[in-house]
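As the structure lists them, so they are numbered: ligands from 1, and atoms in each ligand from 1. Along the sequence shown, residues carry numbers from 1.
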Amino acid sequence: MAKETFTFQAEVGKILDIVAHSLYSEKEVFLRELISNSSDACDKLRYATITDSKLAKDTADFKIEIDLNKKEKTITISDNGIGMTRDEMVESLGTIAKSGTQAFMESLEGKDDKDVQSSLIGQFGVGFYSAFMVADNITVISKKAGSSDAWSWKSDGKGSFEVDESQKGNQGTEVILSISDKDKEFLDPFRIESVVKKYSDHIAQPVILKPQKKGEEDKVLNNASALWTRDKKDISAEQYKEFYHHVGMAYDDPWLTLHNKAEGLISYTNLLFIPSTRPFDIFNPDRKSNLKLYVRRVFITDDCEGLIPPYLRFVKGVIDTDDIDLNVSREMLQNNPVVAKIKSAIIKRIISELKKKANKDPEDYAKFWEAFGAVLKEGIHEDFTNRDKILEVSRFKSSEVDKYTSLEEYITRMKKGQDKIYYISGEDVEKLSQSPHLEGFKAKGIEVLFMTDPVDEFWLPSVGKYSEKDFQSITKGGADLDKIKTGKKDTKEKDKKNNKSIDKLVASIKVALGDEVKEVKSSERLTDSAVCLVAGEGDMDMHLEKLLKQHQQIDKTSQKVLEINPSHPLINDLLKILDNEKEKNLFFDDASWLLLDQAKIMEGQPVSDPNKFARRMNALMQRGIKI
Ligand code: ADP
Ligand code: MG
């Protein structure tokens with residue numbers, strides 16, 4: 001095949017543009033990225049040789065070499081890993097296959113501020129392309145393990161690249177960077193040595209600096225043993241962090257690092273991390289886990305579904321075990337009993353560690369919760385075995401506390417006679433705290449939890465209880481407020497005598513509205529607002545219904561109950577005209593519909609009929625404006 005020229009995928013072009021304008025304050029990270037890729041390539045080949053020993057023919061020992069040529073102004077990074085075929089080169093070095101790239105690019109759109117761009121892209125990681133920060137030209141020569149052809153890839157990072165046949169002895173990959181004049185510092189062996197030590201010490205293969213002069217020897221720059229096999233006390237926080245960057249393809253600080261050796265029925269080592277920032281693609285359904293499975297230090301897969309449940313998909317790191325057969329195929333891993341046991345053990349370990357953090361440093365825990373709470377809560381719904389433990393470490397905003405509260409703490413604040421955990425669900429705390437449904441609860445000082453994540457709608461109905469207490473939506477059914485003693489003066493007391501006429505009003509409004517509402521009731525929960533809508537006792541929570549309707553999961557909504565506030569002045573005025581036949585005929589129906597429509601507006605729903613709404617509103621306003 002002859003030489004061919006390709007243009008980069010649009011997203012790559014954009015990234016290269018940002019890279020060219022040097023977004024990283026530390027350009028030196030290019031070396032970390034290239035060494036990281038070489039290390040991955042060695043891991044991949046080592047796994048492939050288990051099933052196909054012929055592939056190992058050129059590979060006595062895996063290694064990564066760095067060769068500096070001051071005269072030619074080049075840095076060459078080579079490895080004897082798996083290599084790339086021609087098509088793989090075009091694919092891997094010309095496009096970005098990562099899930100969520102599209103979404104990520106959209107988030108960059110319109111952000112011209114270089115600092116913002118660079119912090120965003122730092123989160124995404126530009127991998128191979130970061131080499132264009134220091135190189136005017138890059139040539140990659142690669143020979144795939146088991147193949148006899150070598151191919152070259154060349155680009156100046158300005159829109160296109162060339163692929164051509166090439167020559168190469170050993171299998172593996174060579175990346176040759178033509179260093180630009182302003183970045184000559186990287187041709188200095190001491191500079192390279194310090195960069196490798198800083199970022200790549202944990203790499204399991206030796207990173208070797210080739211001699212600069214005849215007679216000198218190869219110099220191994222890193223520790224060259226897998227980090228998780230080392231003793232905890234010999235590993236610095238910095239080294240953990242760099243390892244996390246490598247293994248997790250993440251560039252933030254780990255929020256939590258969990259390094260343990262488990263010995264017993266099953267032995268394994270885990271080195272797990274929880275990131276401090278939420279990856280932008282955490283809710284992307286195609287997102288893969290970031291947990292790598294090793295068997296006796298041999299990398300097996302980073303896509304083992306059975307190793308960690310989806311609700312812990314933010315956990316990154318490595319599990320290494322001696323108890324799985326090295327020859328196990330990746331497919332067989334799904335149903336492997338050892339994998340299942342490791343999974344249940346690490347779930348417990350992670351959750352118990354979260355609990356410790358939550359107790360020890362609630363403020364720091366709140367940061368974790370902001371980033372990953374919505375993901376973790378999926379487990380309440382999905383993982384029956386660990387449901388209660390997850391509920392224990394779950395945190396909520398509420399009507400009575402500024403910070404997050406646990407359910408345990410909520411229970412200690414429950415009022416006498418209160419036997420339910422009250423909640424209200426909706427889009428955000430701001431809106432919910434203004435909700436008319438809350439009024440009566442606030443007046444009595446009864447705490448209501450705010451449920452603002454879509455996932456809450458799924459676990460709440462399926463869980464039902466915590467610590468023997470039912471969860472109860474305050475926008476549904478009766479509010480039972482009368483039963484709860486709070487010591488505060490009962491504002492409703494004086495209205496009791498009005499009961500009879502209220503009943504009459506309620507019945508008349510129901511007649512006016514007909515089937516538009518399920519029922520009209522005098523409310524226990526309102527203090528300031530005149531009306532509100534609630535769902536019937538056995539019906540779906542209103543917020544859930546709204547979500548399902550938005551996603552076209554249901555096409556009809558259930559009839560609602562209209563509650564009216566007997567102590568509201570407007571309701572009292574309506575009471576007065578009930579006995580005046582003439583006035584009543586004139587506008588009682590309009591007033592009833594306007595009450596219903598205002599309740600709908602407060603729920604964020606459209607009014608029943610916009611034309612009629614406007615007409616009724618005008619009629620009443622005319623009556624009101626008396627000059
Ligand atoms: P990432 O490492 O996150 O996948 P990179 O931009 O660093 O992204 O690399 C893109 C892809 O190019 C890699 O996934 C790999 O398939 C391929 N690649 C890069 N360097 C090498 C190498 N030294 N050996 C084999 N494949 C490589
Ligand atoms: Mg990479």
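Aromatic rings from Phe299 and Tyr47 are positioned such that their centres are separated by 6.0 Å or more.
In summary, the atoms of ligand 1 found under 4.0 Å from a heavy atom of Met249, numbered by their order in the structure, are 3 (O). Short contacts between ligand 1 and Ala41, defined as distances under 4.0 Å to a heavy atom of the residue, involve ligand atoms 24 (N), 25 (C).
Any N or O atom pair closer than 3.5 Å counts here, and Asp40 shares no such pair with ligand 1. Taking distance alone, with nitrogen or oxygen atoms compared against 3.5 Å, Phe128 approaches ligand 1 more closely than that limit.
Relative to atom 23 (N) of ligand 1, the option among Leu93, Val140, Asp79 with the closest non-hydrogen atom is Asp79.
Judged by distance alone, with hydrogens and angles left aside, the side-chain atoms of Asp302 form no donor-acceptor pair with the main-chain N or O of Asn290 at under 3.5 Å. A donor-acceptor contact shorter than 3.5 Å is absent between the side chain of Tyr365 and the backbone of Lys360. A donor-acceptor pair under 3.5 Å links the side-chain atoms of Lys143 to the main chain of Gly169, judged by distance alone.
For the Mg ion (ligand 2), protein N/O/S neighbours under 2.8 Å (waters excluded) are Asn37 OD1.
Between Tyr244 and Asp252, the side chains place a donor N or O and an acceptor N or O closer than 3.5 Å (distance only, hydrogens not considered).
Checking each of Phe368, Trp369, Phe273 against Trp255 for a ring-ring contact (aromatic ring centres under 6.0 Å, His included) leaves exactly one that passes, namely Phe368.
Put simply, part of Met84 is less than 4.0 Å from ligand 1, judged by heavy atoms.
By the 30° and 60° cut-offs, the orientation of the rings of Tyr240 relative to His259 is perpendicular.
Under 4.0 Å from ligand 1, not a single heavy atom of Ile96 appears.
Pairs passing the salt bridge (charged side-chain N to carboxylate O under 4.0 Å, His left out) check and including a residue from residues 67-83, sequence neighbours excluded, read Lys73-Asp181.
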Step-by-step side-chain hydrogen bond (donor to acceptor under 3.5 Å, both in side chains) determination, Tyr129 to Glu33: CA-CA 9 Å; Tyr129 303 113; Glu33 294 302 323; over 6 Å; no

